[in-house]
Amino acid sequence: LYFVLSVNVYYADVLFHKGEGHTNFLGFSVGLLVPGDRDDTAKILGIMYFLPILAIYACAYLKIKVNLRGEIRVFLRTSLFRKYLNYDEDSRSRVRVPDMEVALMQESTDVADGFIKVVDLMGILGQLLVLIMFTLKKSPTSWWIMLVMPLGMILWAWLQTKRYAAACTKCGDLEMALMVFVNESCANYEIIEDFGQRMQANDLFWQRVEQYDKALRVVNLVETNNQAFPKWLGRSFTGFYIATQAGSVIRKNTSLGTFLATTNVFGSISDGFGKVYKLYMSVSALLLSLTSLTYLFNLPTDVKENKSALAKAMEWSRTTRREIIAAHMGKADFITDLMPIELEYVNFFYTPGKPILQDLNLSIPQGKLVAVLSKHSGSGRSSLLKLLGQRINPTSGRVLLPTHLRVVYVERDPMMLDQPLWQNLVFGDPGAQRERVMDILEHMRLFAAMSTLQLEAQGQKALLSWQQCFTSTEIAKVHLARAMVMNPEVLILQRPLIHYSDMSSSRSVVLELLRHNVDNRGLCLPEATLKRRRPRTCFFTPETDDEAAVADITLHIMKDGSIFCKDREAGGPGAMVATPRGSSRESSRGNSFLTEGSVMQDATFCERISANAPPPSTSSPSSPQPSTSSPS
């Protein structure tokens, strides 16, 4: 830049000067580059004038090849998505889907652009510094202009920043509200149609669009004023300089080249300040995106809790494994299969002072079908399964599962990916054999799913997606089949029978499937490998007492918070494994059962814990009644 400005002065003072002109360049007096030959000097200047462009282009090309903006954007997106996957339950509930979509697609791009704009801002500030130094060197009397112009820009920026930030904030909030409205309308279109609210929904959308458009016009107006002010300021100082310094050129006190270059410099300085101001306001607006990303990146995760729980489970697994090996060496082929699933003094609450589960001590051997029953809402049945499925962590106590076991928690409501049926079924086991998947679907009587898989394999595309063609019962079965295909050692099912009517045979089909999965250590697997497979344990919440009869072990959660365990093989009234809510821990420990690494083999589960806890009174209304129905 300094070279170009000096060449402009050289043109007027040397190359086109009638006499033998000279100019000052970096402290040296410079005349014609080729003495006595102006044409050759002009040719050399033309070549020299072109060379800097090559260096500028090389820098721009290198900037694109490095792709700093793209690298920052990819890093922010992948880091935020990984962060979201590690959020705890509270953090996920505080982040709406549109918020995360905007953060991943728009705000991460804004922050990446903001970083590049800061780099560009530094470059423009460097150019302004060169322009100011050149002006002060060639026209020292213009120092006050170099002082007043930046001060004017700083004052204007200070006055406009808050207004611009407020306008951008309002516009951003209205844009987000519009996106949320569109998202909810598309996701819940059936409600709009069923209740005849299409016109009302359209009116609400129109109102939100109008509000957003008005806010956007305010932002555009502020931006227009911001872009115009630097030009006004630059023209004002340039005009003042021409009016006051033209006489100096006429009196030969200032060279024509210096005068012309200085007037051009004022225009360049005003344009530079305009670019600086524009970048500054852009970066200020992007601070909203930076603030949003900072908030999302700092929401709590469950990584520390899970890491601590895993460390405890690994230590417990090592200790229990050593004890079992010492006690059962040579008595069993796979000794680690004797390791139980335990809960030790587990307490859990959502609201302090209102416990959901209190002093729960439980030991379940592997290879059992366990039903969790309760006739009262808010009893903690769902929370207990979430604790076993490692969806939530206990407030105190330990949930101990052998660390070599795979645990899959299946939510009550079906959740499907916007992918072909095959990708949904093998989501947990991408390498699943097609023949086994088809056998599982046949056992579940999902004949529509089998036909759909055949069409997908042939590459045929239906007019409607498979989710639109399937019934709600079939969707619920696909939801369960996905877990069966993955074939985990521990399966946690949250109310898997709620989607089927009492008149349908689907409930009995699912119950038989759960029983078969436990008894045969997996579904549709070779009979020859049965004894070499690990036991399969399944926890589920039935809808009726009759459905619980298929289970090996039944956990009854009473209204007062006490939990009684009943073993189908042992019979009897059962044993208490958790104290009523409100009971003190000291008074409850005598009644609660806590296994100490021992394993049930000769004695049944409830026989062992009955020896540690007195059975409930048969006259108590809260005592569970033994089921008389036979297993399905």
Side-chain angles (χ1 to χ4, degrees), residues 97 182-195 198 382 385 389 391 408-488 491-517 522-525 538 540-544 547 632:
V97 173
V182 172
N183 186 281
E184 291 181 349
S185 299
C186 295
N188 303 296
Y189 170 75
E190 290 80 4
I191 298 176
I192 297 174
E193 181 182 15
D194 294 341
F195 284 81
R198 291 181 180 178
S382 174
L385 291 188
R391 285 289 298 274
V408 171
Y409 173 86
V410 180
E411 191 58 82
R412 179 192 68 179
D413 298 324
M415 291 177 286
M416 296 293 134
L417 303 174
D418 189 17
Q419 297 287 336
L421 177 59
W422 176 259
Q423 272 69 30
N424 276 272
L425 287 170
V426 301
F427 180 75
D429 183 13
Q433 296 181 355
R434 188 177 187 85
E435 182 180 356
R436 177 172 175 266
V437 174
M438 297 295 282
D439 288 343
I440 291 175
L441 296 180
E442 184 177 2
H443 276 73
M444 300 185 72
R445 301 180 186 177
L446 275 169
F447 304 113
M450 297 174 66
S451 300
T452 301
L453 288 182
Q454 292 176 355
L455 293 176
E456 289 182 359
Q458 296 171 4
Q460 300 183 23
K461 294 185 178 180
L463 296 177
L464 297 175
S465 68
W466 65 271
Q467 297 186 41
Q468 293 175 299
C469 299
F470 280 26
T471 65
S472 59
T473 298
E474 290 170 335
I475 292 290
K477 285 186 176 181
V478 171
H479 182 60
L480 179 60
R482 178 169 50 201
M484 295 300 179
V485 170
M486 184 176 176
N487 192 28
L491 182 60
I492 316 292
L493 301 175
Q494 194 74 261
R495 303 188 71 177
L497 306 172
I498 193 174
H499 303 284
Y500 316 114
S501 66
D502 296 335
M503 303 298 296
S504 171
S505 62
S506 296
R507 288 196 173 190
S508 61
V509 170
V510 171
L511 287 173
E512 291 174 3
L513 203 72
L514 299 183
R515 183 73 264 172
H516 184 83
N517 179 62
L523 283 179
C524 304
L525 295 173
C538 179
F540 76 105
T541 47
E543 302 302 314
T544 65
E547 294 168 354
S632 301

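Computation of the quantities below employed the complete heavy-atom set of this structure, encompassing side-chain atoms and omitting hydrogens, waters and symmetry-equivalent molecules.
In terms of modelled atom types and a separation under 3.5 Å, the side chain of Trp422 and the main chain of Arg434 share no donor-acceptor contact. Listed for the Asn183 side chain is no donor-acceptor partner under 3.5 Å among the backbone atoms of Val97. With hydrogens and angles ignored, the 3.5 Å screen pairs no side-chain donor or acceptor of His479 with any backbone N or O of Val410. In terms of modelled atom types and a separation under 3.5 Å, the side chain of Lys477 and the main chain of Met444 share a donor-acceptor contact. For Asp439 (side chain) and Cys524 (main-chain N/O), no donor-acceptor pair under 3.5 Å exists by modelled atom type. Looking at Glu512, its side chain never comes within 3.5 Å of a backbone N or O of Val509 through a donor-acceptor pair. The backbone N or O of Ser451 lies less than 3.5 Å from no partner atom in the side chain of Gln454, so there is not a single donor-acceptor pair. Between the side chain of Arg436 and the backbone N or O of Val485, at least one donor-acceptor pair lies under 3.5 Å. In this structure, Asn188 contributes its side chain and Glu184 its backbone to a donor-acceptor pair below 3.5 Å. Arg515 places no side-chain N or O within 3.5 Å of a backbone atom of Val510 that could act as its donor or acceptor partner.
Residues Phe470 and Met416 fail the side-chain proximity criterion, which asks for heavy atoms closer than 4.5 Å. With contacts defined as side-chain heavy-atom distances shorter than 4.5 Å, the pair Asp429/Asn487 does not qualify. The side-chain heavy atoms of Leu441 and Leu453, taken from C-beta on, include a pair separated by under 4.5 Å. Contact of the Met484 side chain with the Leu491 side chain is registered, since non-hydrogen atoms from C-beta on lie closer than 4.5 Å. With a 4.5 Å cut-off on side-chain heavy atoms, Leu523 and His516 count as touching. Here the side chains of Met486 and Phe427 are not in contact, with every heavy-atom distance at 4.5 Å or above. Leu514 is listed as a side-chain neighbour of Leu493, based on a closest heavy-atom distance under 4.5 Å. With contacts defined as side-chain heavy-atom distances shorter than 4.5 Å, the pair Leu417/Gln423 does not qualify.
Nearest heavy-atom pair across Pro414 and Ala476 is CG-CA, 3.9 Å. Heavy atoms only, all atoms of each residue included: Ala483 and Pro488 are closest at O-CD, 3.3 Å. Scanning both residues, Pro430 and Gly428, for their nearest heavy atoms gives CD-C, 3.8 Å.
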Report task. Tell me, with the steps shown, if Thr473 and His499 meet side-chain contact (heavy atoms from CB on, under 4.5 Å). Result -> CA-CA 6 Å; Thr473 298; His499 303 284; 5.9 Å; no
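Separating the CD1 atom in Ile440 from the CE atom in Met438 is a distance of 11.5 Å, to the nearest 0.5 Å. To the nearest 0.5 angstrom, Leu497 atom CG is 4.5 Å from Glu547 atom CD. Here Thr541 contributes atom OG1 and Ile492 contributes atom CD1; the two are 10.5 Å apart, rounded to the nearest 0.5 Å. Note that CG of Leu421 and CE of Met450 are 11.5 Å apart. Values are rounded to the nearest 0.5 Å. Considering CD of Gln468 and CH2 of Trp466, their distance stands at 11.0 Å, rounded to 0.5 Å. For the atom pair OG of Ser506 and CG of Leu513, the computed distance is 11.5 Å after rounding to the nearest 0.5 Å.
For Ser382, the side-chain hydrogen bond (donor to acceptor under 3.5 Å, both in side chains) test picks out Gln494, with sequence neighbours left out. Not counting sequence neighbours, Glu456 has no partner by the salt bridge (Lys or Arg N to Asp or Glu O under 4.0 Å) test.
Within a 6.0 Å radius of CZ in Arg445, no more than 12 heavy atoms belonging to other residues, nucleotides or ligands are found. The number of heavy atoms from other shown groups lying within 6.0 Å of CD (Gln458) is above 12.
In summary, Glu543 and Arg507 do not engage in a salt bridge, as defined by a charged side-chain N under 4.0 Å from a carboxylate O.
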